[in-house]
Structures are given as C-alpha cells and as structure tokens.
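Within every chain, numbering begins at 1; the chains are lettered A, B, ... in the order of the sequence lines, protein sequences first and strands thereafter. Values below: every heavy atom of this structure, side chains too, minus hydrogens, waters and symmetry copies. Worth saying up front: this structure is predicted, and the values here are computed from it rather than measured.
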Amino acid sequence: MRRQYPFDLFEPKWQQHWAAEETFRAFNPGEAVPAAHPFAVRHGLSGNVAATQLPPKFYILDMFPYPSGAGLHVGHPEGYTATDILARWRRAQGRHVLHPMGWDSFGLPAEQYAVKTGQHPRVTTEANITNFTRQIKSLGFSYDWSREVATTDPDYFRWTQWIFLQIYNSWFNPATNRAEPISTLAYPDGCDSEEQRRAHRDSKRLAFVSEAPVNWCPELGTVLANEEVIDGKSEVGGFPVFRKPMRQWMLRITAFAEKLLADLDTIDWSDSLKEMQRNWIGRSEGAEVDFQMDGHAAKIRVFTTRPDTLFGATYMVLSPEHKLVGEITTAGQRDAVKQYQEFAATRSDLERTELAKEKSGVFTGAHAINPVNGEKIPIWIADYVLATYGTGAIMAVPGHDTRDFEFAQKFNLPIVQVVAPLDSKTDWQGFIDDGTAVNSGFLDGMPTIEAQKKITAWLEEKNLGKKTINYKLRDWLFSRQRYWGEPFPIIWKRDASGNLYHEALPESALPLLPPALEDYKPTATGEPPLARAKEWVNLPDGAVRETNTMPQWAGSCWYYLRYLDTKCGTAFVNKDAESYWMGSTLSPISHSPSPKSTPGVDLYVGGTEHAVLHLLYARFWHKVLFDLGHVSTAEPFYKLVNQGLILGADGQKMSKSRGNVVNPDDVLVEYGADAFRLYEMFMGPLQDTKPWNTQGVAGVYKFLGRVWRLFVDEASETEFEQSLTATSAEKHGALLEAIKLSATLTDAEPTKEQLKVLHACIKKVTEDLDSMRFNTAISAMMVFVNEATAWKTRPRSVMRPFLQLLAPFAPHIAEELWAKLHAGQSAPSLGYEPWPAFDEALLIEDTLELPVQVNGKLRGHIIVPRGASNAEIERLALACERAQQFISGKEVKKFIIVPNRLVSIAVA
RNA sequence: GCGCCUAUGGCGGAAUUGGUAGACGCGCUACCUUGAGGUGGUAGUCUCGAAAGAGGUAGAGGUUCGAGUCCUCUUAGGCGCACCA
C-alpha cells in the first residue's frame, strides 16, 4: 500500500523528543520538579513539591512481561495500548500519572538455554530485555522509563529477599487475625529449652519447611505449586507431575484464606475473575465429627458439609496415607491394605484423575461406631479420599453423595435414605440436594438447613464434633530446584544434638547473589544446581546455605511497589512515595468528570492466565506487608481488567506451528505505530477474544491518512514525496518541516454544524474512554473525519481539539500536526493540554425527527419543534401521512410519547 | 458432572440499557480520478419484492403499545472448577 503519511520520519522523531524531554516522568513527593517540565508548567509547580501540592495520582499498570527470546507478540501491545491511551487521557485531565514498565526476567527458558549452551542466563536475559525494550519503545507508549525494573537485578531482588525475610520472621496471630512479628509469639508451657522454642517458632512462621508430599515434575527437574499443576500436568510444558515427599519451603497462604476471599468484595474486578479466585480458595462450611472406633481407643475425625446426613453414614473411608491406617488395620487385611497403599502411592496425579471414573479401595477390617445411632460401620481406605483435604477421612453417606454411592454399589455396602426430595417423584438414591430429613431420629421432618443446625448443636453439646470451615487452598510451595531465581537468604546449622535447623541471614547480607557456575544442571543426586557451588554453599563456620531458589512468582509479587521508588536503597519502597501512590482516603470509585484517586493501583491490565497464580500470590504478600505496617492498603490492585486473547487471522490461537503468528515489527514497518495502536483498539472490546485481520490495519491506516490530509497542503506534500528520493536521509527531517498546512484551515468562526460535530465527538470519546470502550471512541473520530472531509473551510478552533482527542490513540501523528498547527509560536505540550470539555447545549437541535410507531411497528416520521407539547406531538403524529393508513377507521387506545425519542400509537 | 459467560450481515463489531437493528471499519458493486497497478474520491451494500410492503438479532414460547435487550425451555460455542466430602 502507498504510504499515507510519513510515519517513518515523524514517529521516531517524537519518540526521541519524549525521551529527551522526559515528558512522561512522574515525580515523587519531595522530588525536585524542573520548572520547564510540561507537568510543572501545566500545574504551576517547581522545586521540591510535597505530596499535598501534587495533583491527584493515577497509577495505571500493565502486567510486566517475561522477556522471552521470541520477542513481542501482538497480544502484549493490546493491553499496553489500552493503558497508554488511558494514561495519556488522564494526564490531559490533570492527573499525576504513574505508568511504568519492567521485566519479570527470572524464568526457565533462559536457564534451559544455559544448561544446553553453558551461557549464563543473565546474558540471554539481558539480550532479550534489549530486544523487548526496542519493540515496546517503537510503539510510542508513555512509560516513565526512569522507573524501569528487572526482577533479576540484584538491587531489585535484594528486596525480594528482604520481603521473604519479613514473611519468615512473622506468624499469623489468630487472636488479632493478622500477621505479626515472630517476637510476639507466646510459647506454650514446657517449651523451655532453646531447641523447643525454636521448634515452636519454626512451626508457626509464615515461611516454613515442610516434609509433605509435593508436586514433583521430573521433566522440569523441579517441584511445582498446586497452582502450577493442571490436570496432573505441569502448566509449563504439560509434563507429568508426581507426588513425592520432599523437604520444601512453604508460605502459609492458608492463614489468609478468609481475608483473600472476603476482600474480593472490596475491589473492582470482573465477576469471572473473582469467581476463579473464590473457587480456588474453595471455602466450605460444615462440621467435624469424631467417630469412636469399635474395640479400639482411637477416634477418627471426619469433615462433612452435610452433618444432617449423619444417620445415613453406613461406612467410613480414610485416605490411603491417613496416619491411623497402619494402627487400625486388622491382621487379616494387613497385606491387602499394604498393597493398596503402595498402589495408590505410585499413581501420578494424572492417573488419579483419569481413573477417577472407577472407584477403588480396600476394607481395613476395623469398625467404628456411628455416634448418632450406635451402629457399627466398616472402615475402608480408598484414594477417592484425599489426604490433603479436611481431615483426610470421611463418613460415607452413599444415599446422598455421588462418590459414596458409586463406591457403595461397587463394594456392596448398605445404602439408606436419610433425605427426602421435596418433589416426591424424584428418586432418593443419589439425591444430593437439600430436602427433608427422614430415618434420622430427632432430625426427622426438618428441612436440610435446620437439620444441619440442630445436629451441629447436638454434636457440640455432646462434645462429639463442632462447626468447621475448610478451604481447598493449600499452602504455597515456594522453593524450586533451579539456578535462575532468587537464592533464599537462609542458612542451615546443627544444634547440640545434631539436628538441622534454619536461620535467616542478616539484612546486611542482602542481596545474596547466586554463585557462578559452569554447569547449570541439577546434581546427579537430584540436588538443585546451586549445590554444585561448594565454596558458596559451605560457610567457614560449618553452616551450609539453602540451595533451593524462589519461584518466578516471587519477583512479580511486589514489583508494583518497587515502581513507586525504584532507586530507594534503604527500603523496598520509601514510605512517602508509597502512601502518595498507593494510599488514598478518597472515594474508591473513579468516574469522569471529576475522577478521584482510588486505593492501590488504580487500574491493572493483563491476561487472565494469572487469575489464580500471580494475582493470588501478590494479594497474599501485600496483605502480609499491610499487616506488618509496610504498605497502606489491604489490597494491591483496586481495579483490574483482563484483555482478551488475540487470535490468528484463521480464528485459531496464534502459534508457530500453525504459522499464523503476527509479528508487531512487520506491521510497524508497513503501517507505523499509530496505525498499529489504533487497530489493536478498533478490533473490538478490550476484554473480548478476537481474530487479527491485516486488512483491518489498512483500514485504520487509511483513516489516519485522511486525518493527515485534513491538515496538510496537498501540493507541498507532493513536493515532499518527490524530494524524498532525491535527498539523503539526514535531510529528510528538514523536508518534513517544509510540509505546509492546508489552506482550508482558517481562523474563521466555526459554523453551528461544525461545533455540533466536534462536541458530539468530544462527548463520545470522553465517555467511551471512561468506560474503556476504545473501539467506539475510534469510530466516533472516524465520523468526525468523514464530516470534516466534506468541509470547505476547517476552523482551527475545531481542528485543534480534535487533535487532542486523537492524541492518546495516535500520539505521533497528533504531535506532528499539533506542531505544524502551532508553527512559529511556542506550542503548548500536547500531552499536558487540558482535555477538551464538551458543551451539551451545542448538541441540541431546534427540531427533532421522531419515529412514529403504530402497534409497535415503524410507520413514519414527524418533524417536531424542540419542546413541543404532548398534545402538539399527538396532533402531528395523527396527521402523519404514512401512519394515517394504519390508523384511519380504528380506535386509538393509547398514546405513548417517549420524550425526544419516539411516538407510539396503539390502535384496536 | 457442576458453575459462569456468549450467540446480531460475507467478516470484526455498534445499538443512548425496554424505544428507528446493523453505527464505524473490512470486504464487495458501480462510477470518477491518477500513466496501467495500487492510491484517492463519490454512491450503494440484512433478506424477499418492480413497488407498496413483508420478514429478520442461534431455535421455540412468554411479558409489553413496543424485545437484540427482560423471563422460561432448547441448541451451539467459550472459560473456569472438577473424587475438595
């Protein structure tokens, strides 16, 4: 396609201008604001400005990318463009905008490359960051690059390690319902020796060591968090995952389950995302019930959400890993039980879920007594009962639980009815909904809810059980057997009796750098790669370093806080900066025309793939930091929007194997950054999944060409085009300057019609930006351009505000035309010019055309003066020629007049 | 299996939230312009019909003067959870 306008010349030009001027730099409270900076000029500031003198903040954040070797994908700039448009718009509205970018640069690909080639991951990572930076900068985003961070930078991960130590040195106090320094922990009686006290402390820390079975992925050579395992396979790569007991670091996120759940109600996230977090946290209310063993001292505790069905419990099931199994199994069943336990242990998670259809299990030979009716019921083990949920044991109610029903049928266990469905035609077998209690002694006749309350009270009274809340959420497995991650600031020592214990490094030892290695593979014995660095691991006093590293999520848990104050060397973030950018006592809802600051990040945009990973982990860390008094809000991200996926032109997910990947670099060469940005926003609603269409880029590119020609003199542009080929590249800038404005641009007073077109556009664009409807905002600007193309003269007073509307979307062309429009004068800084206001009065017409409906069908139109009375409108409507034929000879039953909208006549 | 969401021209999508369905763009058609090509401009483009008109928002019912929008059922697609007791 022919070049519509010289974007190749002016796009780099304006990018350099913004970089040189530091146009989009944000200033922290107390920081010196240069008097010449456009932000200072706009707000009349200079010198060291206190937080109270700064305009209200607007913190708008993108999920920072992992800088992969493949470079930027068209999906990345989708969210970045949306946030950039809003950042530029809020800046024009007078907000103090913080819009940063950085790199989530620890990660597996660079390490895998290192294993293969021996090249240090830092080298690969830095090269990828350079490429990503070039690509992102070529799109003209208004980031404050002075605040760039990389999680792999020692000045950054020093504070990641520091925050880990805060977590390590804290415990969750149930009495105050918050995290507190470990020093506030009280010791139980008998905790006298230092060894005992240490053991007690270590068992309460928010970061603790556990020996439990974990998700081990041999292919990746590391353990994974529950959140990183999908259907028994690793989220990255799709490799099988096995359960294996290992000594691992865990973070006690479960202590925050209730807060993480409840505080969802205080933030403005999409319902679907909140639902995903709720599902993951998985709160369920029920009761714990103790079953006494028959002929054995042991008690078995179970968790149930349906205590009302206790009379229907005809057997019990323990998970194969349950600690009582060995103790209670009778001699005759010992071999069978042992065999089953081994069978269950060797099954991968994948096999466990895939084979879920067919129940399996073994009788232990032991019996328990049902506490409500004294019946002797058999105790089985089966892998459909999970060791890690509830108490690892259940009472089975086959009459009213699908899983128990299947199991009972397979093993011929008794099935009794204890709930009657409300609809008598429904089969009670396998009926799992609420109904009425039957065959349940003192519960008979009660609706399910009431029966639950009654039985729970009864259990509590008899000291046989109590009301309990359970969560699916598990503690966060926080260590990885990797090289390219933050080392733990932890060392291991032995006490007097030779037992290993861990100890935190002092803050002065941070950052703890990973050692240099020649081989990045794990060791032959399966230890993490860091174990190869013998000199690093073994300290002179005999202590050894922790050789696991933190997961990639660690760095992204708090990067939004580091942006507030990237250079701070004395804290992870300076308190004043934190409270200015994050804290807010203002109304938590942001709306034009007087937008107020919101608590935390005002707007966070990113993909939905982080719904239960990054977004849950970051909320957790933030809550710990909040409890410890390091941050001023309980939630990090006030409003969150997920951008939709961009598919290939074939409607399939973009992938190398399908060959449908669109590289932004290629689009930029042909159409430029402005057209690329505009197209990404014009495709459809930000949140929707939508396919790429290259011809669509050409469409918005043509639109920008029409904008260009509204302003530029045709003859001087033809001259420019012809001189280009004949002139050396370094003179092209001068040629660009020589392009003249069109003679159609005048200082004449705009017509009423021109004002109406402009103000309709201002209104639409402003309102659409407020609700993030970028596609319709662009369409409104297209309407304006279509109108303005037909105008013989174009008043500057109309065309100038139009450029301001266009500027957030297509900033380069807007700057270039803005500069031409103000040639010879000192041009105001486009990005900081006050956003145009619209005048509703200019949109009102003297007469209205109203549709006339008869019995709901459109039959004609009438022209009525504005403000006409209902009687007048009725008269005109009845006189409407086209409507007449449907009315005449019939009785008019009803007249409906929707003011300024339509007239509807109902006839018999 | 359970939960949530979506369904509008050949395509991407609009529709003031119950009030003129299809804005805007792509594609297509015709004409004009430019040295042909591409570019640029103008007009047209839901279906049937010469017209008047009729029909039309996945399908079937319902509420209403009036339904893409609200309610019920069905179908299709997407996302999430999935032996969580």
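The distance between atom CZ of F407(A) and atom C1' of rC83(B), rounded to the nearest whole Å, is 12 Å. Between the CD1 atom of I897(A) and the P atom of rG66(B) there is a distance of 18 Å, rounded to whole Å. L704(A) has its CG atom 12 Å from the P atom of rC26(B), to the nearest Å. Per the geometry, CD belonging to Q722(A) stands 20 Å off P belonging to rU39(B), to the nearest Å. As a whole-Å value, the separation of H610(A) NE2 from rG80(B) P is 14 Å.
rC81(B) and rG59(B) are spaced 30 Å apart, taking the C1' atom of each and rounding to whole Å. The same atom, P, is picked in rG68(B) and in rG77(B); the two are 26 Å apart, to the nearest Å. Rounded to the nearest Å, the gap between the P atom of rG18(B) and that of rA67(B) is 14 Å. Only the P atoms considered, rA36(B) is 37 Å distant from rA51(B), to the nearest whole Å.
Of the candidate nucleotides rG19(B), rA82(B), rU39(B), rU39(B) has the atom nearest to the side chain of Q4(A). Nearest nucleotide to the side chain of N775(A), out of rA14(B), rG40(B), rC81(B): rA14(B). Comparing atom distances between the F303(A) side chain and each of rU20(B), rA85(B), rC65(B) picks out rA85(B) as nearest. Proximity note for L386(A) (side chain, C-beta onward) versus rA85(B), rG19(B), rC24(B): the nearest is rA85(B). Here rU42(B) is the nucleotide among rG55(B), rU42(B), rC24(B) with the atom lying nearest to any side-chain atom of R706(A). For P691(A), whose side chain is taken as the heavy atoms from C-beta onward, the closest listed nucleotide among rU20(B), rA85(B), rG12(B) is rG12(B). Taking every side-chain heavy atom of Y389(A) into account, rA85(B) is the closest of rG19(B), rA85(B), rC65(B). Distance from the side chain of L902(A) is smallest for rU20(B) among the nucleotides rG55(B), rC65(B), rU20(B). When the nucleotides rC83(B), rU20(B), rC24(B) are ranked by their closest atom to the side chain of K359(A), rC83(B) comes out on top. For M782(A), the listed nucleotide lying nearest its side chain is rG25(B); candidates were rA85(B), rG25(B), rC65(B).
No donor-acceptor distance shorter than 3.5 angstrom exists from the side chain of T694(A) to the backbone of W692(A), with no hydrogens or angles considered. In this structure, H759(A) contributes its side chain and D839(A) its backbone to a donor-acceptor pair below 3.5 Å. Formation of a donor-acceptor pair under 3.5 Å by the N660(A) side chain with backbone atoms of A649(A) is not found in this model.
Taking 3.5 Å as the limit, the base of rC81(B) and the side chain of K472(A) contain no donor-acceptor pair of atoms between them. Between the base of rG25(B) and the side chain of Q695(A) there is no donor-acceptor pair shorter than 3.5 Å. Judged by distance alone with a 3.5 Å cut-off, a donor-acceptor contact links the side chain of R901(A) to the base of rU16(B).
RNA chain B is contacted by both T391(A) and G696(A); G696(A) maps to the nucleotide lying nearer its 5′ end (nearest heavy atom per residue). Of the two residues contacting RNA chain B, namely V783(A) and R859(A), the nearest-nucleotide position lying further toward the 5' end is that of V783(A).
W269(A) carries R619(A) over the face of its six-membered ring, with the cationic atom under 6.0 Å from the centre and within 45° of the normal. By the 6.0 Å and 45° rule, K359(A) stacks over the aromatic ring of Y384(A).
Atom CD1 of residue I813(A) and atom CD of residue Q4(A) lie 9.5 Å apart, to the nearest 0.5 angstrom.
The phosphate of rA85(B) (OP1 or OP2) has no side-chain N or O of Y384(A) nearer than 4.0 angstrom. N693(A) has no side-chain polar atom (N or O) that falls below the 4.0 Å cut-off from OP1 or OP2 of rG13(B). For rC5(B), neither phosphate oxygen OP1 nor OP2 lies less than 4.0 angstrom from any side-chain nitrogen or oxygen of Q687(A).
Residues F703(A) and F682(A) keep their aromatic ring centres 6.0 Å or farther apart.
Within the nucleic acid shown, S284(A) comes within 4.0 Å of sugar-phosphate atoms alone, with no base atom in reach, counting heavy atoms only. Residue contacts shown for N786(A) are limited to sugar-phosphate atoms, with no base heavy atom under 4.0 Å away. Nucleic acid contact class of S272(A) (heavy atoms, under 4.0 Å, all strands): none. As judged by a 4.0 angstrom heavy-atom cut-off over every strand, T388(A) is placed among residues making no nucleic acid contact.
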